[in-house]
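What follows is one structure encoded as structure tokens, with my remarks underneath.
Order of appearance sets the numbers: ligands from 1, and atoms from 1 within every ligand. Quantities reported herein were computed from a predicted structural model and do not represent experimental measurements. Heads up: numbering here begins at 1 and tracks the sequence.
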Amino acid sequence: MSTTQEIPTTSPIGRGTPRVDGPLKVSGKAQYTSDFHFPGMLYAVPVEATIANGRVVKLDTAAAETMPGVRVIFHRENIGKIFRSVLGPGFEGIIDERRPPFEDDVVRYYGQYVALAVADTFEAAKAAADAVRVTYAREKPNVDTDLNADDEPETVATTYAPTNKRVQSERGDAEGAFATAAVKLDQTYVTPAVTHNPIELHATTAVWEGSTLTVYEASQAVFNLQGILAQMFGLPKENVRVITKFLGSGFGGKLWPWTHCPLAAAAARQLGRPVKLVVSRKMMFQTVGHRPRTQQRVRLGATADGKLVSLRHDYVNHMAMLDNYHEDCGEATPYHYSVPNLRVAFGRARRHVGSPTAMRGPGAVPGLYATESAMNELADQLKIDPVRLRVMNEPKIDEGLGIPFSSRHYLECLELGAEKFGWSRRTPEVGSMKRDGLTLGWGMAGCAWLAGRFPAEASVQLRDDGTARVACGTQDIGTGTYTILAQLTSQKTGVPLERIEVVLGDTSLPAGPVSGGSMVTGSVVPAVFAAADSAIASLLTIATSAPGSPFEKLQPADLALEGGRVFVKADGVAKGVPFTDLLRRANLRLVTGSGKSEATLGNPKPKFSTHSFGCHFIEVTWQPEIARLRVSRVVTVIDAGRILNPLAGRNQIEGAVVMGIGMALFEHTTFDPQNGAPINSNLADYVMAVNADVPPIDMHFLDFPDNEINELGARGIGEIGLAGFAAAMTAAVHHATGVRVRELPIKIEHLLA
Ligand code: MOS
């Protein structure tokens with residue numbers, strides 16, 4: 001613990017800090033991707049395939065082309081060359097997912113773009129897209145919801161997989177130990193396809209100047225997109241600039257590029273005019289990813305008193321016809337509990353659906369739904385309290401990797417959660433708890449999510465007007481990255497938050513991390529600190545060398561900067577001089593420093609297992625007379641290291657809990673077996689949790705700094721709050737109703753059965 005930096009009480013670190021970009025957002029001045037306009041800009045609207053399997057035989061564009069304001073109907077023959085691309089280091093082999101649009105005439109999922117109408121106005125482009133007549137050779141799509149693993153070799157190419165072997169983790173003899181276990185559980189859990197629905201639609205505005213391309217994109221990863229566009233258009237990377245100033249969230253759906261982006265860029269290239277393409281809400285369900293359906297068989301073997309002896313987790317996710325997407329449901333399984341015999345294995349099943357992708361807590365969220373549900377069912381079978389069962393099986397180390405945890409306080413989470421919830425008053429019999437004429441159901445589950453750092457670079461400037469500027473080419477997906485960057489800079493320089501300019505979301509800035517894996521905050525801490533230290537070092541050098549400086553005869557090491565004042569350490573800050581005076585005296589507008597930090601994620605031989613932990617305790621009320629189920633209380637406890645901004649942090653967990661209620665009770669994308677279309681592709685039929693569904697959320701952070709992640713001990717908090725939630729919900733529902741729901745979402749018809 002001793003290496004963690006002490007935080008002075010005046011620091012903005014650890015304080016509930018309102019969003020520094022809040023005023024821009026509420027005043028409408030924040031420019032989201034679709035807010036950028038350029039002279040001569042044209043509008044593009046894609047033509048969506050109305051089959052999910054087959055070929056385009058004929059495209060009749062004649063009527064559309066003669067409509068007023070229409071410039072071109074683009075298709076395979078006239079869009080120009082778009083190359084394939086591969087993702088960056090660590091993502092080699094994911095070529096298929098990034099095939100260029102219009103590469104062939106095969107339709108592999110409903111809604112796939114088969115043409116692109118470009119016109120002077122959005123309305124004209126939409127009318128023209130609707131007027132394109134497409135003739136298909138149609139075949140029956142396979143959108144079967146029963147997922148049996150396709151035949152794939154033992155070694156398979158995967159996206160986001162920790163291994164490309166089908167057995168992901170194995171120790172001991174899981175099969176043998178299960179066979180002889182005193183108590184056994186063998187159940188299959190299903191999670192449906194669900195669709196990211198950030199308020200902000202995916203959008204691209206592409207602007208060419210000669211052979212340089214600028215793309216405004218709703219992206220969680222501007223540098224990755226820059227690399228991909230450079231490949232797709234055969235350009236040097238420095239000729240491509242990607243800008244994402246504000247994001248109306250993403251939930252993982254904006255991590256990787258989708259086909260609308262190169263289409264807009266190709267159209268702009270062909271026409272020599274800026275082109276804007278905003279994906280429709282319906283297209284959001286078709287062409288820009290979703291969390292795939294999963295089917296997970298969990299086998300637990302235990303002794304009669306509740307010690308786990310065997311754990312098997314076999315899971316399958318659906319993937320698209322071309323991609324290699326792997327939903328890593330087994331991420332948390334090997335380390336979450338102590339068990340000597342374990343086997344985690346996966347398979348995939350190809351379907352005629354758009355490519356699945358990462359969605360908030362990819363893998364762990366569906367995975368922990370299954371394994372935590374199994375733990376709850378095992379507890380009931382053993383007649384052991386589910387909290388106690390977890391405590392009994394707490395591991396001393398990460399048994400999957402055979403290394404210690406950097407910081408694991410799962411037991412403290414359980415203890416605090418149980419206390420805040422009043423868990424000790426629970427009576428385990430189904431339907432045994434009542435309040436105000438309602439039947440109560442109490443359930444709980446644990447959660448975990450990985451932690452680590454991506455590589456990051458940043459720069460910090462101190463300016464003669466007393467302001468500072470921090471720049472990092474990461475993104476703020478709405479989680480508070482602008483604010484964190486300001487807090488970190490203020491912490492180091494003493495410049496107050498309101499005098500700090502934060503610049504992000506632009507590939508012309510120092511390379512910043514992907515807004516993914518809940519890892520931006522953890523990643524940028526050391527980079528911003530190093531940049532600030534470097535700027536301060538320059539300042540102190542100037543202080544000792546500028547003619548007439550009060551520190552002229554001293555060494556930089558004698559000086560320090562605190563609260564915006566440079567002072568002689570031996571004399572104390574009260575005798576210091578504002579840094580602005582020193583800059584002006586030296587006739588300098590500013591000093592600047594750069595900082596860089598390395599990734600910890602992806603280290604093949606890590607010394608520590610780095611994860612966040614937590615738990616949810618949930619109360620539901622049930623009125624069997626009218627089949628009314630409500631969530632009435634939630635207690636969530638999260639162990640995510642030091643929390644740098646408890647206000648934004650709480651907001652992340654509360655948002656995840658709302659999403660968890662939606663995951664448990666409402667969210668599912670249904671594919672029509674006839675034509676393969678996502679049927680409920682709008683915000684009326686795709687039901688999500690709203691305010692009326694959400695009770696007060698009693699949310700607590702533990703505060704154990706994790707020194708392995710960065711000098712502040714901060715892990716991430718964007719995703720973990722969704723993990724485990726649905727398992728706690730199904731347990732609460734069972735406790736109230738006696739019905740075990742093993743296929744999400746929980747529906748009224750399940751409860752009436
Ligand atoms: Mo998150 S699914 O890594 O944006």
Please confirm whether Tyr335 and His611 have ring centers closer than 6.0 angstrom. yes
I want to know if ligand 1 touches Gly517 in the polar sense, i.e. an N/O pair below 3.5 angstrom. yes
Heavy-atom pairs closer than 4.0 Å: do any link ligand 1 to the side chain of Ile477, the backbone, both, or neither? neither
Heavy-atom nearest option to atom 1 (Mo) of ligand 1, drawn from Glu719, Arg360, Met519, Lys254: Glu719
Check each heavy atom of Ser515 against ligand 1 and say whether those closer than 4.0 Å belong to the side chain, the backbone, both or neither. backbone
Pro362: heavy atom below 4.0 Å from ligand 1, yes or no? yes
Leu744 versus Ala664, closest heavy-atom pair with distance: CD2-O, 4.1 Å
What are the atoms of ligand 1, with element, lying closer than 4.0 Å to any heavy atom of Leu255? 3 (O), 4 (O)
Side-chain heavy atoms of Pro745 within contact of His668, under 4.5 Å: yes
For His318 versus Pro292, what's the shortest heavy-atom pair and its separation? O-CB, 3.3 Å
Taking Asp506 first and then Arg241, would you say they form a salt bridge - that is, a charged N and a carboxylate O separated by under 4.0 Å? yes
ring-ring contact (aromatic ring centres under 6.0 Å, His included) with Phe613: of Phe405, Phe701, Phe704, Trp449, only one passes, and it is Phe405
For the residue pair His202 and His260, is the inter-centroid distance of their aromatic rings smaller than 6.0 Å? yes
Checking heavy atoms under 4.0 Å, the part of Gln220 that sits near ligand 1 is side chain
Distance under 4.0 Å to a non-hydrogen atom of Gly252: what atoms of ligand 1 satisfy this? 2 (S), 4 (O)
Heteroatom proximity flag, Ala358 to ligand 1, N/O under 3.5 Å: no
